[in-house]
Amino acid sequence: MTDLSGESVAVIGGGFGGLSSACFLADAGADVTVYERTEQLGGRASRLYRDGFRFDMGPSWYLMPDVFERFFAFFDREPSDFYELERLDPHYGIYFKDGDSVQIPANHRAAIPLFEEYEDGAGAAFEAYLREAERTYEIGMEHFVYEDRSNPRDWLDPSLARHSRGLSFLGSMEDHVADYFEHPKLRQIVQYSLVFLGGSPSNTPALYNLMSHVDFGLGVWYPEGGMGAVVDALVDLGAELGVEYRVNCDVQAIRGRRGGFSLDVERTAQAGPSPTADLPGDPPPAVALAEDGPPAGNRRLVGPGTDGTAAVAADLVVSDADLAHVERELLPEAGRDREPGYWDDRTYAPSAFLLYLGVEGDVPALDHHTLVLPTDWSGHFDQIFEAPAWPDDPAYYVCAPSATDDAVAPAGHSNLFVLVPIAPGLEDGPETRSAYRETILRDLAEHAGEDLRDRVVVEETFSVSDFGARYNATNGTALGLAHTLEQTSVLRPSHRSDAVDGLYFTGAYTNPGIGVPMCLIGGEHAAKKVIVDHGGG
């Protein structure tokens, strides 16, 4: 890569996008420091430690292993240098609320008879659907994901017409899937992964049929140590490249421009018990390698609320923080690319109601990944996107990593993570949470046959207001901007700031979008733009 020697880069936010950018920038010779407002690196992929249980607080599906292989290969490394992978079989189980249940096998050919059981001819339709999904994935990744096309000029490439011939750019996933399958359960099986994109079948473009290749073709994996182990891998790699990390650093303002940035950085005011309060004796790299609080010296003593705030200088800035928060709260008006109303009009991905549960005994009815779905899930999606409310008949997900990894729970116990997608911006006070907790545990006992209510020994909840407080997430979204047609590709915010020279953005608001693999790639895109713009040759 082009040389950035002598350039100092401040990366705001230690999520996957920021950690990825930091590695590429340090490899190009820059002096890189990551400032993370929470007590650990990883962003939403934080870890919670309680009484011998270790919970992944956010992402829990390791998908698209090819993206991770590509990332590490750039640095002449591979994932196995940092963590081991196990392919899950079954990939996941599904309980339908009419009493039916299925398990999705790791070998997609073994799923063909399952599809045929529900609908005559569906096995052949499934094979055809997967062929299309694989083609869409291969073309999409090579020409539209790994190749950043976040500027309208990028779409003037004449080769795109040849590469994209036959791809379904228009229309919804709902309509596209209906061309292949009539049975509603089969439609649900091939569309559940849209939750990873923060959308619904009716508002997600048909192009995202590629997610079925991600699921059935590339497989569902588990990294030993959970997704936190992947965070540790990026942190370790970055440290080898010279990246410095500082946690408990809340960036309050971004001032200046290329060559003369100054960030107001305050020590984070922790509210409530820290997720790492019960950290075991050997802390993971995402905690152990990080300096605590803003750097000493050069402190602002001007104006109310700034006493003791560090003024951090940098030549360049890459922000992995919530982009709406950055534009509305951290940048001066002249430094914003968009009017405030722009952010009010966006479609945000769902928030979530999360339960982290340590329970006595095994949970034999649950696979590592389990989905519990109403036979008609349209009502749940309507209560996310059309008429926001706590879902009356929720579709939800349960992760039981202790089924695969003994280290996440004490002996004789199970580790569970329950996620219910809900509308961003909902009120989620203690009474609401308590009542909904009862709803979900009762539903799980009724439809999955696993009654946990008298077995819980450790319990934490996390929901809309927590996403806002911990991650500065707009409206408490768990993911960022949804992948609707109006918020896909060139219609997502750019990696470059138009208003401030030397300021760049990465993360789930930018291209290519939501999810850990996409944020890894987005971090690379942002870093490459820095290098193209400011590298020394």
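Sequence positions, counted from 1, serve as the residue numbers for this chain.
Side-chain N or O atoms of Asn472 include none that pairs as donor or acceptor with a backbone N or O of His325 at under 3.5 Å.
One finds a salt bridge joining Arg433 and Asp466 here, because a Lys/Arg side-chain nitrogen approaches an Asp/Glu carboxylate oxygen to under 4.0 Å. Residues Arg328 and Asp344 are paired through a salt bridge, judged by an N-O separation under 4.0 Å between the basic side chain and the carboxylate.
Under the ring-ring contact (aromatic ring centres under 6.0 Å, His included) criterion, Phe381 pairs with Trp377, not counting sequence neighbours. Judged as a ring-ring contact (aromatic ring centres under 6.0 Å, His included), and not counting sequence neighbours, the contacts of Phe467 are Phe462. Qualifying ring-ring contact (aromatic ring centres under 6.0 Å, His included) partners for Phe417, counting only residues two or more places apart in sequence or in other chains: Tyr356. Evaluation of the salt bridge (Lys or Arg N to Asp or Glu O under 4.0 Å) rule for Asp315 yields no partner, not counting sequence neighbours. Legend: residues meeting ring-ring contact (aromatic ring centres under 6.0 Å, His included) with Phe75, ordered by chain and number and at least two apart, are Phe24, Phe71.
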In sequence, state the C-alpha distance, the side-chain angles, and the governing distance for Phe72 and Phe82, and then conclude on ring pair (Phe, Tyr, Trp, His ring centres under 6.0 Å).
CA-CA 10 Å; Phe72 286 109; Phe82 301 94; 5.2 Å; yes
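Under the 3.5 Å distance criterion, with hydrogens and angles disregarded, a donor-acceptor pair is assigned to the side chains of Glu327 and Trp343.
Between Trp61 and Tyr192, the angle of the ring planes lies from 30° to 60°, which puts this pair in the tilted group. Ring geometry, His369 versus Tyr397: the interplanar angle falls from 30° to 60°, so the pair is classed tilted.
For the residue pair Cys249 and Val265, the shortest heavy atom distance occurs at CB-CG1, 3.6 Å.
Between Phe55 and Tyr49, the distance from one ring center to the other does not fall under 6.0 angstrom.
Within the structure, salt bridge (charged side-chain N to carboxylate O under 4.0 Å, His left out) contacts touching residues 345-355 (residues at least two apart or in different chains) do not occur.
No more than 12 heavy atoms of other residues, nucleotides or ligands sit less than 6.0 Å from atom CD of Glu339.
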